[in-house]
Amino acid sequence: MALPLGFTPLEVRTYLILTLCWVSIVVVNLLEQPYARSLIHCDVPVNTTEGQSLENVGRILITLFVSGFADYGRKRAALLGQFLITLSTALFAIAMFLPSGLAIPTYIVAQGLQGMSGIGILDQIVTGDVALILNDSVAVYSRKGIVSAMIMALLIPIIVYVQYAEITDFTWVWSGIVGLNSVAMALIYLFFPETLNKKQNDDKKEKENLSIIGVAKDEVKTFKKIITTHPYVGYRLGEEFLVKMADASAIGMPFLMAQFHFSQFDALVYNFVPGLVGGVLLGGLVAKWCGQYGTRRVWRNSFFYHRSTSIANAFLMPVAIFGIPYPLVAGLVHLPLAGFPALIQAVEIRLVGQETNAKFQAMSQLMSFFSGAITSWLYSQIFYGEARSYFRVVAPYALSAFFMLLNIVPFLLKTGPMQMNECDRLDQEAKKKWEEEQEKAAQEKKASGPELTEEASSPLKTETETTEASTELEAKQEAVKTEEEKKED
């Protein structure tokens, strides 16, 4: 039976299980603050920055570890990550029954373990493996993008409910989350496929070193070697750093609230809902264009369309068009490109290769942590909610436009030509695959043609059957005629 949207069984076995893990992480992140308040039996606000800091440290350490550990097998890396998530939620649940002196330290440890799951980076690594195994990277990443958008669309009601509901009894909540994580861990053990190339896995086992410190030290050395020797990775990380530095989303909701007097709820809905709906409905549009107009042409046009509109949007942010705040219009302008990130990943996995993908994903995630910390502080410092002059209002977005303009340089000089060449190879492979399918269909049709002709249009068979039918009809008519003559007599 054909699966919807062209999904393969391999994608279903990986995406569905990892989706359960992701849902648990998102829900736990939403519950952390209200749950921490419920552990303190007074009106004094609780400070959870220690737990958050420990979670961030855990994320950095596990990123270094998972990128190396996953090279010994994706499945056991997933099992380790899911075990840490399950243990984290179990500690969150246990904290309910402890006195305050023990509840908060238990909460902090649980938050640190949650950051060490590594499911985020593993999801990227496994998706790259699946794309290479199926040899259809554009379609794989396009379908993955649609799945991610659908998941977030389903989680929006949960996000809104948790943000505005005053939950006081978390007993059943944590029981359900621990159960969900236990089921996910069982599914990983029983059904999750090993997507790592067998030869690469065997080579790694010969020099296996699974100590956390040892793996982390080896990874840092490997990162340095890849950046200096790989023709694509170093330049791509530099380009991506500039893209991340252009991300002013840290002030998105405060800007809507200050300039257009949105409530927090309205700002949340208008910020996320259009993008999620567009991701579900338009996520496959770029992949469709690639088939019609060619991957190189679609990539180049999408890249410059995104960069040019992003730069123009920065200076229109305070404007309202027909009463609609321009930040919402800016989001709609980019909706046709909802599938462009999937195309980028599809081409990059081919340029990077499976043997380097885990390291590349780890470096990208570490770079995102670093740039995210900078932009959260930088744009918050520049943003001034009470600003009234145009230039003061658009100042943070003007800085964003500068970084967006700057990241075009490495694309033109280094990464762009490599990406364009890979796009051409994708088109050539797609054309060859289509020609092979057409040739196979023609051969099958030719092979089945004589049989159909022999059965359906043989002159001898047709003439014999016609003669027999005529003789039978004449016999029946003669019998009827004789019966009528007897009745007359």
Side-chain angles (χ1 to χ4, degrees), residues 1-25 66 70-83 85 117-155 180-202 279-280 283-284 286-288 290-291 339 341-343 345-350 352-355 357-358 361 426 429-430 432-434 436-437 440-441 444:
M1 182 181 69
L3 296 172
L5 299 176
F7 278 99
T8 63
L10 180 61
E11 290 174 285
V12 172
R13 289 171 64 193
T14 54
Y15 295 170
L16 288 184
I17 294 175
L18 290 175
T19 295
L20 286 179
C21 303
W22 266 114
V23 169
S24 169
I25 293 173
V66 168
D71 284 342
Y72 300 105
R74 312 306 199 211
K75 183 172 182 177
R76 57 175 165 175
L79 275 171
L80 175 62
Q82 188 56 31
F83 170 75
I85 295 176
S117 68
I119 292 296
I121 180 175
L122 187 64
D123 180 49
Q124 293 295 325
I125 294 171
V126 170
T127 304
D129 292 344
V130 172
L132 292 174
I133 291 171
L134 298 178
N135 195 27
D136 193 7
S137 55
V138 174
V140 168
Y141 277 102
S142 177
R143 290 191 291 264
K144 180 64 186 300
I146 294 173
V147 169
S148 300
M150 292 175 66
I151 292 168
M152 288 306 300
L154 292 173
L155 287 176
L180 177 67
N181 280 293
S182 300
V183 169
M185 190 160 64
L187 290 174
I188 291 174
Y189 180 77
L190 295 173
F191 302 109
F192 196 83
E194 179 53 68
T195 58
L196 179 63
N197 180 275
K198 187 177 184 300
K199 182 180 183 303
Q200 185 181 348
N201 195 9
D202 292 340
V280 174
V286 169
K288 183 179 179 181
C290 288
L343 177 61
Q345 292 173 311
V347 172
E348 281 188 344
I349 187 61
R350 294 165 59 94
V352 173
Q354 187 181 47
E355 66 280 358
N357 185 40
Q361 296 299 335
L426 272 171
E429 292 174 6
K432 183 178 179 181
K433 183 179 179 181
W434 180 83
E436 290 175 350
E437 290 175 352
K440 184 179 178 181
E444 291 176 352

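Note: Leu18 CG to Gln82 CD = 9.0 Å, rounded to the nearest 0.5 Å. One distance of note links CD1 of Ile119 with CD1 of Ile121; it measures 11.0 Å at 0.5 Å rounding. Going from atom CD of Glu355 over to atom CG of Leu196 covers 10.5 Å, rounded to the nearest 0.5 Å. Taking CD1 from Ile85 and CG from Leu80, the interatomic distance works out to 10.0 Å, rounded to the nearest 0.5 Å. For the atom pair Lys144 NZ and Phe7 CZ, the distance stands at 9.5 Å (nearest 0.5 Å).
Evaluation of the side-chain contact (heavy atoms from CB on, under 4.5 Å) rule for Val183 yields Leu187 as partners, not counting sequence neighbours. Residues satisfying the salt bridge (charged side-chain N to carboxylate O under 4.0 Å, His left out) criterion with Asp136, sequence neighbours excluded, are absent altogether. Remark: Thr195 engages Asp129 in a side chain to side chain donor-acceptor pair (under 3.5 Å) (not counting sequence neighbours). Residues satisfying the side-chain contact (heavy atoms from CB on, under 4.5 Å) criterion with Ala342, sequence neighbours excluded, are Tyr141. Partners of Ser142 under the side chain to side chain donor-acceptor pair (under 3.5 Å) rule, at least two apart in sequence or in another chain, do not exist in this structure. Judged as a side-chain contact (heavy atoms from CB on, under 4.5 Å), and not counting sequence neighbours, the contacts of Tyr189 are Leu79. Residues meeting the side chain to side chain donor-acceptor pair (under 3.5 Å) test with Thr8, sequence neighbours left out: Glu11. For the side-chain contact (heavy atoms from CB on, under 4.5 Å) test, residues two or more places apart in sequence or in another chain that qualify with Lys433 are Glu437. Listed by chain and number, the residues in a side chain to side chain donor-acceptor pair (under 3.5 Å) with Glu348 are Tyr232, Arg236 (sequence neighbours excluded).
No side-chain heavy atom of Cys21 sits less than 4.5 Å from a side-chain heavy atom of Leu122. Between Ser137 and Leu426 there is a side-chain heavy-atom pair separated by less than 4.5 Å. Between Asn135 and Glu429, some side-chain heavy-atom pair lies under the 4.5 Å cut-off.
Judged purely by atom type and a 3.5 angstrom limit, Arg74 has no side-chain atom pairing as donor or acceptor with the backbone of Ile125.
When all heavy atoms of Ala70 and Ala77 are compared, the pair lying nearest together is CA-CB, 4.1 Å. Residue Ala287 comes nearest to Val138 through the heavy atom pair CB-CG1, 4.1 Å, listed as atom of the first residue, atom of the second, then distance. Of all heavy-atom pairs spanning Pro193 and Thr14, the tightest one is CG-CG2, 3.5 Å.
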